[in-house]
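Just so you know, ligand 1 is whichever comes first in the structure, and atom 1 is the first atom listed for that ligand. Here, residue 1 is the first one in the sequence, and each next residue gets the next number.
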Amino acid sequence: MTMSNTMAAEHLQGRLKRRPGIAIVAGSGIMRALAGVTVLAEHPMDGIPGLPLPSVEGHGRSLVECSIAGVDVLIATGRLHLYEGSTLAQVTALVDLFADIGTDSLILTNATGGLATTLGVGDVLLPAEIIDMTFRRSDHASPLRPSPDVPWLLATLERCAGTALPVRSGTYVQVVGPSYETRAEIRMLRALGADAVGMSTAVELKRAVARGMRTLVCSMITNTLTDTSVVSVSHAEVLDAASRATDRMSQVITQAVAARTDLSLRS
Ligand code: HPA
């Protein structure tokens, strides 16, 4: 750990009321899905020494302590993106902070564009595989395969099936952005085998796996991508889809947290 990492971890540890079992990174608009949780305490990120701050609209700047499915959870209400001009180290600093305070499980959430024609707005995807198209070199190269944790993913899918909660699995690709994909890029990403595309997560997942954290990715499909035409959707339809997605997203996150407990009890 560097000096500033140690200071950040010590600062946060001195303020946390509980030791979080799971950390969650809330992507664009996802905080709405977590609005119903009981908040124990909120810690502004700008008080944490050396922690870079999110600057994008729709992203918060705090760490929220709360309880989900009886588990103490720490939620980052925003993240940094490569398209903001942040370095890889800045983007992954939150993941490092969670690892440094001893949190061994992480849920990375994001807003995502659906590439697979079977995906619709409001669907929730739990990726089994990721493709990193950011091509950034990490100073912390790890030989570990950076994939979402298979037992955790399967346990979550099983729980969702048991409660008739529709969720899909597939492949998520991270691009740098910030522009949305051209039709040619949509065809290329589909040809590569990607089902959904976003501008975050893969690099954080890599870092989390390298730090030994069990990690799950939870993607909310906010729009679908087509390589033939621009499909116009009414604003009301989008709002309606987003609020339905929010509800589903919060239920999937709750099942994911509970599934992590199931795994701990089994092992
Ligand atoms: N493309 C890339 N990132 C995204 C999209 C998209 O269509 N939707 C939400 N994040």
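- At a cut-off of 3.5 Å, with distance as the only test, a side-chain donor of R260 or S264 sits close to an acceptor on the other residue.
- Contact annotation: A111 has at least one heavy atom less than 4.0 Å from an atom of ligand 1.
- Here R207 pairs with D96 in a salt bridge; the nearest charged N to carboxylate O distance falls below 4.0 Å.
- Listed by chain and residue number, nothing satisfies the side-chain hydrogen bond (donor to acceptor under 3.5 Å, both in side chains) test with E181 (two or more places apart in sequence, or in another chain).
- In this structure, the protein non-hydrogen atom closest to atom 4 (C) of ligand 1 is V197 O, 3.6 Å.
- Listed by chain and number, the residues in a side chain to side chain contact (heavy atoms under 4.5 Å, CB included) with A76 are M45, L63, L94, F98 (sequence neighbours excluded).
- At a cut-off of 3.5 Å, with distance as the only test, a side-chain donor of T118 or R168 sits close to an acceptor on the other residue.
- Side chains of V91 and R136 form no contact here, defined as non-hydrogen atoms less than 4.5 Å apart.
- At a heavy-atom cutoff of 4.0 Å, ligand 1 is contacted by no atom of V175, backbone or side chain.
- Atom numbering of ligand 1 starts at 1 in the shown order; those under 4.0 Å from a heavy atom of Y180 are 1 (N), 4 (C), 5 (C), 6 (C), 7 (O), 8 (N).
- Close contacts of ligand 1 with N223, meaning ligand atoms under 4.0 Å from a residue heavy atom, involve 5 (C), 6 (C), 7 (O), 8 (N), 9 (C).
- Within the 4.5 Å cutoff, no side-chain heavy atoms of S67 are placed close to those of T38.
- Those atoms of ligand 1 that come under 4.0 Å of a heavy atom in E181, given as number and element, are 1 (N), 2 (C), 6 (C), 7 (O).
- The ligand atoms of ligand 1 that sit less than 4.0 angstrom from a heavy atom of L225 are 7 (O).
- Distances below 4.0 Å separate heavy atoms of T222 from the following atoms of ligand 1: 8 (N), 9 (C).
- Neither the backbone nor the side chain of N110 has a heavy atom within less than 4.0 Å of ligand 1.
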